[in-house]
Number of protein chains: 2
Amino acid sequence: MSDGPRDQGGEAIERALRVIGDRWSILIVRAGLRGIRRFDDFCDDLGIARPILTERLRRLVEHGVMTKVPYQRNPVRHEYRLTEAGIALSPLLVALVRWSEDHGDGEGETVSLVHAPCGTELEQAFWCRACATTFGPTAIRGVDRGVPNGTPEATEDASEDAPEAEVGH
Amino acid sequence: MSDGPRDQGGEAIERALRVIGDRWSILIVRAGLRGIRRFDDFCDDLGIARPILTERLRRLVEHGVMTKVPYQRNPVRHEYRLTEAGIALSPLLVALVRWSEDHGDGEGETVSLVHAPCGTELEQAFWCRACATTFGPTAIRGVDRGVPNGTPEATEDASEDAPEAEVGH
DNA sequence: TCTCGACAGTTCTGAAACAGAACTCACTCG
DNA sequence: CGAGTGAGTTCTGTTTCAGAACTGTCGAGA
């Protein structure tokens, strides 16, 4: 897949999914955000099988989402901590939790995400600095910044035959 | 997994991942946002194998992300369109694209997401209506809204032994 | 010294998900 | 009647996943 220019912009998604697009990576990142750093702690916290954790951590390190830093020697022990790229995944996590809150099957506990200082439920918005407004997903367009010498044609992302929903949000 | 109260809030993520946590579902949703509705069109656009598409669409419908509406009879033909819950996944898509843009391996074409009316690159922020400010991921806390009669204790999400990064964003 | 336990993995097994090609079935159009 | 379309299903592999058990290094304690 991803062969050919059939869906510009989906390519970025595919690239991201290649890194975190499995059942565990996002949960590992979340555990990392909660302060977990050691192999066995990830194991216990997530209930993930060890071989898979090994492999996932290796891949996350390889893609720059986490780093493996030694915290002792004799024997050498490493801990895994999120890089800036890893921490930058939190909007994704938040989007996931918010979606689950709003559109989940309504079963199980519900955790609302709030602004820590004041306790108000947060909103996740798209923000335009120039217009100084927040806006919903229908006002988004994709602009091709081009591969080194690609065709710089604009993509018609989410605006052509798009669903007629006006999600104000 | 997900047995026991070991990581409150991760549960919501797990629930969401159970619906869209595979290699294809998000891409299917994205195709839906781009206006694709028919089985074969999904096939061609994504390059997904037919049996998997069948199964994924079935599950997305089951979880209320898409609906299967007949658009003709003799023979009955259905099209799949996003429900409101499906459209509500766009923040997730955006977070994915943005992350890939900012922290991807820098290969392949880059698609920037912009505010359609003015063309400015959008930001995805957390917004507190009460404080009227945007803020980064470190100012987020999880509050347990409780399962029907669960223990309403507050979770200490992302604030205990949290990574010392201050991502201003 | 000998054992114990923590930590960070690896090596097996079997189960599930995935990919691709071919096939079905109902109907329409020429 | 035969070709074509849309929406699947049925095969057959291949890759990925999960779980249990095992390895290897070291520090502490009896």
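Values reported hereafter were calculated over all heavy atoms of this structure, with side chains retained and with hydrogens, waters and symmetry mates removed. In the text below, chain A, chain B and the rest are named by the order of the sequence lines, each starting its count at 1. Keep in mind that this is a model prediction, so the values were computed, not measured.
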Colleague: Which part of the nucleic acid, if any, lies within reach of A:Phe42 when heavy atoms closer than 4.0 Å are counted: base, sugar-phosphate only, or nothing?
Modeller: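 No contact.
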Colleague: Hey, which of these two, A:Pro51 or A:His78, hits DNA chain C nearer its 5' end, going by closest nucleotide?
Modeller: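 The 5'-side residue here is A:His78.
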Colleague: What contact category does B:Tyr80 fall into here, base, sugar-phosphate, or nothing, at under 4.0 angstrom with non-hydrogen atoms?
Modeller: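 Since only primed, P, OP1 and OP2 atoms lie under 4.0 Å of B:Tyr80, the category is sugar-phosphate.
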Colleague: Nearest to the side chain of B:Phe39, which nucleotide is it out of C:dC18, C:dA8, D:dG8?
Modeller: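 Nearest to the side chain of B:Phe39 among the choices is D:dG8.
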Colleague: Assess whether one donor atom and one acceptor atom, taken from the side chain of B:Arg50 and the base of D:dG8, lie less than 3.5 Å apart.
Modeller: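 Result: at least one qualifying N/O pair found.
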Colleague: Whole angstroms only, please: what is the CD1-P distance between B:Ile52 and D:dC11?
Modeller: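 To the nearest whole Å, that distance equals 17 Å.
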Colleague: By the definition side-chain contact (heavy atoms from CB on, under 4.5 Å), identify the one residue from A:Leu27, A:Leu89, A:Ile28 that meets it with A:Ile20.
Modeller: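 Exactly one option meets the side-chain contact (heavy atoms from CB on, under 4.5 Å) with A:Ile20, and it is A:Leu89.
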Colleague: In terms of heavy-atom contacts, does CZ of A:Arg58 have more than 12 from other residues, nucleotides or ligands at under 6.0 Å?
Modeller: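 Above 12, so yes.
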Colleague: Scan A:His78, A:Arg38, A:Arg37 and name whichever one has a side-chain hydrogen bond (donor to acceptor under 3.5 Å, both in side chains) with A:Tyr71.
Modeller: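 Option passing the side-chain hydrogen bond (donor to acceptor under 3.5 Å, both in side chains) with A:Tyr71: A:Arg38.
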Colleague: Touch check for B:Arg56, heavy atoms < 4.0 angstrom, all strands: base, sugar-phosphate only, or nothing?
Modeller: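 Result for B:Arg56 = sugar-phosphate.
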Colleague: Do A:Arg59 and A:Glu62 sit within salt-bridge range, that is, some charged N less than 4.0 Å from a carboxylate O?
Modeller: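 Here A:Arg59 does not pair with A:Glu62 in a salt bridge, since their nearest N and O are not under 4.0 Å apart.
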Colleague: Considering heavy-atom distances to DNA chain D, does A:Ala49 or B:Pro75 have its closest nucleotide positioned more toward the 5' end?
Modeller: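 Nearest-nucleotide comparison on DNA chain D picks B:Pro75.
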